[in-house]
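Atoms within each ligand, like the ligands themselves, are counted from 1 in listed order.
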Amino acid sequence: MAQYRVVSGSVALITIQNPPVNALRAAVREGLFNAIKRASSDPQVRSVVLSGHNGTFCGGADIKEFGNVSLPGPHLVEVFQLMEDLVKPVVAAIEGFALGGGLELALACHYRIGHSKARVGFPEVNLGLFPGAGGSQRLPRLVGVPAALDIIITGRHVAAGEALKLGLLDKVIDQNTVDAAVTFAKSVEGKPLDNHRLGNRPCPPLENMDAFFEEAMKRVHSRARGAVAPITCVQAVRGAATLPFHKGMELEKMLLGTLFNSAQAQASQYCFFAERAGARWSMPSGARWDTCKAKPIGTAAVIGLGTMGRGITVALARAGLSVVAVETQEHQLAEAQRAVSRMLKGGGRVSYSPDLQAAAEVDLVVEAVFEDMAIKEKIFKQLSEVCKPGTLLTTNTSTLDIDRLASCTRDPQLVVGMHFFAPAHIMRLLEVVYGPRSSPEAVATAMQLGKRMGKVSVAVGNCTGFVGNRMLKPYLEQANFLLEEGATPELVDAALEEFGFPMGVFKMSDLSGLDVGWRVRKEEGLTGPGVTAGQPMRIRHSRRYSPLGDLMCEEGRYGQKTGSGWYLYDKPGGRVARSDPWLRNFLEQYRARHGLVARRISQQEVLERCLYALINEGFRVLEDGIAASPQNIDAIYVFGYSWPKHRGGPMFYASQVGLARVLEGLNHYHQAHPDVPHLEPCSLLRRLVASGSPPIDKWSEVVKGHRSQL
Ligand code: 3H9
C-alpha cells in the first residue's frame, strides 16, 4: 500500500499504491505510518520523497470507509504529524490530483513539487465535511486566510500554476515529477526544517480580521441554503487565524465530530456515489454498460438553434466534436451563430447551415426544435432519408414519445433521447432515453458522449416526461392546489427555498416561462379549444385540475419574459421577483368564484405535499422500471433540478425521513384530497414499508420481487 525503496543513495521514495485514486484507506494509513518510521530510523536515508502510484498523488480519505463508526488503523492526523515532525526533509511529488486528505498529506510534507498538469484542492465541503485532518489549520498558515478560505469553501480544484503563485507549491515542472523531487530532496538534505513545518508557523496576519470573518460568515449563510459544512469551514479557518496550532487542531477535531456522521454528510457522500452510479447503466433487456461498445463519434449535427440548440452545440464543440448547426430560419441562424461564437470564445469547430442536407455525413444528430410532435416527426423522417446509414438520431425532447419518433425512421434501433437541461452547456445532467427498439449500442454511444461532455448521464426508459419531468408534474400540481387552498407563491417558495432549493417552484416557473406548460396542456386537451364544452373548470379526466396556470397565460403573464407571472418584474426580462398585489386579488377572486375558503397553510404542509407527491411518483418510476435505481433518480434531481445535495436527492431524502412517515403523510393527504391520484401511495412504497423499510441500497430487491408479480 505504501511502497518503500531507497533511491539516489540517500532518498527514501515512498509510493502510495491503492488504485484507482490512492485513497487513504486503513491499510494505506498503516503503510505510510510504517514507511515514515522506517525512513526515520534508516541510517542510509537523509531525505524522503512521497509520491502516488500511476500518475495520481492521492484522492484523499477513502469515502467508502466513512460509514464506519470508528475507522480502523492509525488516524490521518497521527500519520501527518509523524511526517511533519520527521527530522529529515520530506518532499511531496504531486502528479495528477492531491485532493482532500491527499492535499493534507502534501501539506504535512516540508516541500511540495507539482507537475504542471497537477490539480490540488479541498473538495470535502461537497461531501458535507471540511478538511479535518489538519488541512483547515495548515493551509491558512501557508497561503494566508483569504486564499485558504476560498479554496476550502468552494471545494474547487486549483491548477498547478495558480497553486505556485499562492505558494501552495514550491515548484512546478513539466518533466518527471518524481525525478525532480528526488533531485530537490537531495539539495535540501541537512538543511533546517522548522520554517517548513506548517504546524510551527503562525498564520500570516490579516487586517480587520473580525470584519473579514463576519463578512465571510454572512456570505456563506446566504449561499449555503441550509448546508452546515460551509459554515464549519469558516469556523475552522477562523480557528487557524486566531489560535495556536495545537488548539486549532482541537477545534478542528471538535467541529469534524459534529459533521462526520451527520445526516447532511451522509446525504452528500451518497450523492458522490450516485453521481458515478449512472455510468453502470443497464436496460431491461439485460444489456449493460460493461457488455456494450459505444460507436466512435467525431461529427455531429444540431437541428434547431433556439436556446437549447445553441447550448447543445457549445457542449458538443467543447467535447471536441466537429459540429454542423442547422437552423432553417435565417434570422435565427445569424443570431445563433453570434451567440454560439460568443460562448465558445472563438474556439470549437462549428459550421452553420439553413439546410438539413448539411447533416448528411455526420455520425450523430441531436434534434432540438420546438416541442411539437408533428414537427419532430417530419424532421426525423427527413433525417432518416438524408443521413448516411448508421447515423445515430437523437432528440432533445423533454417529454415526447421516443418510440413514435423512431417509427418515422429507417432504423428505429438508432434512435434515442438525449435530454439536456437548460443551459445545456452548463447543467451537468443528461437523461439518455431508450425506447423499446433502441439498440444497446445506441445507448452506449449516447452515454459515452455524455461522459465526453462532462455530464452526469443517466439512462432511463421511455414514458411521458421520462424520469425528471414525470416526477416534476405532481410537484407543480401540488403547488397550484396549495394556492387554490389559501397559500401564496411567496409562502410556497419560501418553504422550498428554506429546504434548500435555489428557487421556489413559482420563481422557477416564471424563469422557465409559464407558456411552455400551457402549450403542453393544450396539446394534452386539458385546456384550450380541445376541452369539451360544459366541463367543470377544476376537473379533468375525473381528477382535480387547477386552471390557475392557464388563466395566468390567458392574461399574458408568461413570467420573467413578459415582466409578470406569479411575481412582478421591473421590465420584461427582469430578474428580481417582487410580490404582486394583482395576484393576491386574482387569487381571492378565483377562490370566491369557485367557493373555495382560504385556510392557513403551514410550511410543513407545503413541503410534505410538494415533496411527497414527487417522491411517490419516484417510486412509481422505479416500479415501472423507467429508472434502474433510486441512485439514478437522485442523480437526476441533484444535477438537473437543483435538489439540494445535502439532502441527497428525493429518494434518499425519503429514506432519511423514514418510508413509514412518507407513507403515512401520503395517506393523510390522499384522504383529504381523494380526487388527487398523485397523492395515493404507490404499491412499491407500501411494499417497502411492509418489508420493514430496508436501506436504500436494498430497495432493488423489493423492486425485483414486485416486478415478478406483475
Ligand atoms: C477527505 O479526504 C476527508 C479528510 O479531509 C479528513 C478525514 C478525517 N474514496 O471520480 P472517478 C472512486 S474526504 C473512495 O470516476 P476521475 C470513485 O467512486 C475525500 N473512492 O475518477 C470511482 O469508483 P468506481 C476528499 C473514491 O478520474 C473511482 O474511484 N476527496 C475516492 O473522474 C474513480 O473515480 C475527494 O473528495 C475516494 N476519495 O476523478 C476526492 N475518490 O469506479 C473525490 C474516487 O467504483 N474524488 N473514488 O465508480 C474525485 O473527485 C475524483 O474521483 C478524482 C478522479 C478527481 C480524484
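Counting heavy atoms closer than 4.0 Å to ligand 1, residue Phe122 contributes nothing at all. For Leu127, every heavy-atom contact with ligand 1 shorter than 4.0 Å involves the side chain, none the backbone.
Side-chain contact between Phe80 and Glu104 is present, with at least one heavy-atom pair separated by less than 4.5 Å. With a 4.5 Å cut-off on side-chain heavy atoms, Gln448 and Lys295 do not count as touching.
Note on Arg288 versus Asp290: salt bridge recorded, some NZ/NE/NH1/NH2 to OD/OE distance being below 4.0 Å. Salt bridge present: Arg156 and Asp150 bring a charged side-chain N and a carboxylate O closer than 4.0 Å.
The ring of Tyr641 has its center closer than 6.0 angstrom to the ring center of Phe421. Taking the six-membered ring for Trp and the full ring otherwise, the centers of Phe130 and Phe122 sit at least 6.0 Å from each other.
Gly135 does not count as a contact of ligand 1, since none of its heavy atoms falls under 4.0 Å from the ligand. The closest approach between any non-hydrogen atom of Phe272 and ligand 1 is below 4.0 Å. Contact between Val21 and ligand 1 is present, with at least one heavy atom of the residue lying under 4.0 Å from the ligand. Ligand 1 lies within reach of Arg280, whose nearest heavy atom is under 4.0 Å from it.
Near Pro131, the atoms of ligand 1 lying under 4.0 angstrom from a non-hydrogen atom of the residue are 5 (O). In summary, the atoms of ligand 1 found under 4.0 Å from a heavy atom of Gly100, numbered by their order in the structure, are 2 (O), 25 (C). Residue Gly60 has at least one heavy-atom neighbour below 4.0 Å for each of these atoms of ligand 1: 2 (O). Which parts of ligand 1 touch Glu104 is read off a 4.0 Å heavy-atom cut-off, strictly below it: atoms 4 (C), 5 (O), 6 (C). Close contacts of ligand 1 with Glu124, meaning ligand atoms under 4.0 Å from a residue heavy atom, involve 1 (C), 2 (O), 3 (C), 4 (C), 5 (O), 13 (S). Applying the 4.0 Å criterion to heavy atoms of Ala61 picks out, from ligand 1, the atoms 1 (C), 2 (O), 3 (C), 9 (N), 19 (C), 37 (C), 38 (N). Of all the atoms in ligand 1, the ones that sit under 4.0 Å from a non-hydrogen atom of Gly132 are 5 (O), 6 (C).
Taking the ring centre of Phe33 as origin, the terminal cationic atom of Arg29 falls outside the region bounded by 6.0 Å and 45° from the ring axis.
Ligand 1 has an N or O atom lying under 3.5 Å from an N or O atom of Gly59, backbone or side chain. At a 3.5 angstrom cut-off on N or O pairs, Gly101 counts as close to ligand 1.
Without hydrogens or angle criteria, Arg201 side chain to Asp194 main chain gives no donor-acceptor distance under 3.5 Å.
Between Tyr270 and the options Phe652, Phe66, Tyr653, a ring pair (Phe, Tyr, Trp, His ring centres under 6.0 Å) holds for only Phe652.
Expressed to the nearest 0.5 Å, how far NZ of Lys171 lies from OH of Tyr111 amounts to 11.5 Å.
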